[in-house]
2 protein chains.
Amino acid sequence: MNTLDQRIVSCLVANARSSYADIGKVVGLSAPAVKRRVDRLLDTGVLRGFTAVVDPEALGWGTEAFVEVHCHGNVAPARIRAHLEPLPEVVAAYTVSGAADAIVHLRAADIHHLEDALERLRGLEIIDRTVSTVVLSTLLERSPEPGAGSQ
Amino acid sequence: MNTLDQRIVSCLVANARSSYADIGKVVGLSAPAVKRRVDRLLDTGVLRGFTAVVDPEALGWGTEAFVEVHCHGNVAPARIRAHLEPLPEVVAAYTVSGAADAIVHLRAADIHHLEDALERLRGLEIIDRTVSTVVLSTLLERSPEPGAGSQ
DNA sequence: TCTGAAAGTTTAGCTTT
DNA sequence: AAAGCTAAACTTTCAGA
C-alpha cells in the first residue's frame with residue numbers, strides 16, 4: 001500500500017468502471033501493471049469490491065432517519081446485528097460510546113413506511129427504547145480520501 | 001424504471017465491474033440491451049455512478065463518530081454545507097428534525113485525529129455546540145435493496 | 001515492469017419484433 | 001419503443017522477455 005496504490009484506489013472510487021488502461025494513464029503504469037495491483041488490493045482487503053451509487057429517491061427510498069437504540073441490559077454487538085439484519089430499512093448500524101447502545105441508519109419510502117420500520121425496530125425483544133431523528137436533507141455524502149489519513 | 005431495470009441495478013450494486021453480457025445472462029437480455037438500459041439509468045440519474053468500496057481501516061481511517069451540530073440561530077442548509085465541505089473528515093452530513101440542526105458523520109485515523117477534526121468542526125463560526133458519539137464497531141453497512149420500497 | 005497476442009467486452013449501426 | 005444481431009474498436013489477461 002503505497003502512493004501508487006492510493007492513486008489507483010482514488011481512480012476506482014471516482015469511477016469503478018474505468019478501464020485499467022485509463023487508470024494507467026493517470027498513475028503512469030501499463031494496464032497489466034494496474035490490474036495486478038488492483039487484484040492485490042482486492043486480495044488484501046483494501047478494496048472490498050465495486051458498487052453502483054444509486055439515487056435513493058429514484059428507488060423509492062426518499063425518507064431517512066438516525067435512531068439511537070437503547071437495549072435491555074447488556075446485549076452483545078453480534079446479537080444486535082443479528083436482530084437488525086432482517087430489517088431491509090436498516091442501511092447501517094454502529095455500536096457507540098455514550099448513553100445509547102447503537103445508532104441505526106434507516107431508509108424508507110416515505111414517513112409512513114419509516115413509521116412502520118420504526119415500529120418493527122421497536123418490536124425487537126432486545127430493544128428497550130429508541131430516540132429517532134428524521135433527516136430533512138442530505139448536505140454531503142462522500143468516500144474518505146485515500147491518503148488523507150495520518151497513518 | 002421497471003423490474004428489469006431494478007434487477008440490472010441490483011447486479012451493478014453487487015458488482016459494478018461486471019460485464020453487460022454477464023448482467024444480461026442474469027436478467028435475460030443481450031449485452032447491448034443491458035448497456036442501453038444502464039446508459040438510460042445514468043442519464044436519468046437513477047444510477048449516479050460506480051465506486052470502489054474501500055476498507056477504511058486499510059486507508060488509515062479507523063475511527064468514526066456521529067456529531068449532533070447545534071448552530072447559532074438560523075443557518076441555511078447551503079451555508080452549513082459550505083462550512084463542512086472543506087473538512088476532509090466529514091464523510092456525510094444531514095439537516096435533521098429535532099433539537100439539533102445537523103448530524104455530521106466523521107471519519108478519522110485515530111482518536112487524536114478525531115479530536116483534532118472535532119476541534120476544527122467546533123471552530124466553525126456558524127456552530128454553537130456539538131454532541132459527539134464515537135463509533136465502537138460497525139454492525140452493518142449496505143445499500144438499500146432496489147424495489148423493496150413502497151413507491 | 002513492459003511488450004505482444006489471444007480472448008473477451010464495449011458500443012454503434014442496422015434489422016426485426 | 002425496445003430487443004436482437006453483427007462487426008469494428010477497445011480492453012483484459014495471459015505469456016515470455
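Numbers restart at 1 for each chain; the letters A, B, ... are given by sequence-line order, proteins then strands.
- When side chains are defined from C-beta on, B:Leu121 does not count as touching B:Glu89, because their heavy atoms never get closer than 4.5 Å.
- Taking the six-membered ring where tryptophan is involved, the planes of B:Phe66 and A:Phe66 are tilted, since the angle between them lies from 30° to 60°.
- The main-chain N or O of A:Ser18 is found under 3.5 Å from a side-chain atom of B:Arg17 such that the two form a donor-acceptor pair.
- When the P atom of C:dT9 is taken as reference, atom NZ of B:Lys25 falls 7 Å away, rounded to whole Å.
- Using bins of under 30°, 30° to 60° and over 60° for the plane-to-plane angle, the ring pair A:Trp61/A:His113 lands in the tilted bin.
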List every contact pair, protein side and nucleotides 1-5 of chain D side both N or O, where the distance is under 3.5 Å.
from, atom 1, to, atom 2, distance (Å)
D:dA3, OP1, B:Arg37, NE, 3.0
D:dA3, OP1, B:Arg37, NH2, 2.4
D:dG4, OP2, B:Ser30, N, 2.9
D:dG4, OP2, B:Ser30, OG, 2.8
D:dG4, N7, B:Arg36, NH2, 2.9
D:dG4, O6, B:Arg36, NH1, 3.1
D:dG4, O6, B:Arg36, NH2, 3.4

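- Rounded to whole Å, atom C1' of C:dT11 lies 6 Å from atom NZ of B:Lys35.
- Using a 4.0 Å cut-off between charged nitrogen and carboxylate oxygen, B:Glu85 and A:Arg142 count as a salt-bridge pair.
- Listed by chain and residue number, nothing satisfies the ring-ring contact (aromatic ring centres under 6.0 Å, His included) test with A:Tyr20 (two or more places apart in sequence, or in another chain).
- Summarising the geometry, the separation between CG on A:Asp39 and C1' on D:dC14 is reported as 12 Å, rounded to the nearest angstrom.
- Separating the CZ atom of B:Arg17 from the P atom of C:dT9 is a distance of 13 Å, rounded to the nearest angstrom.
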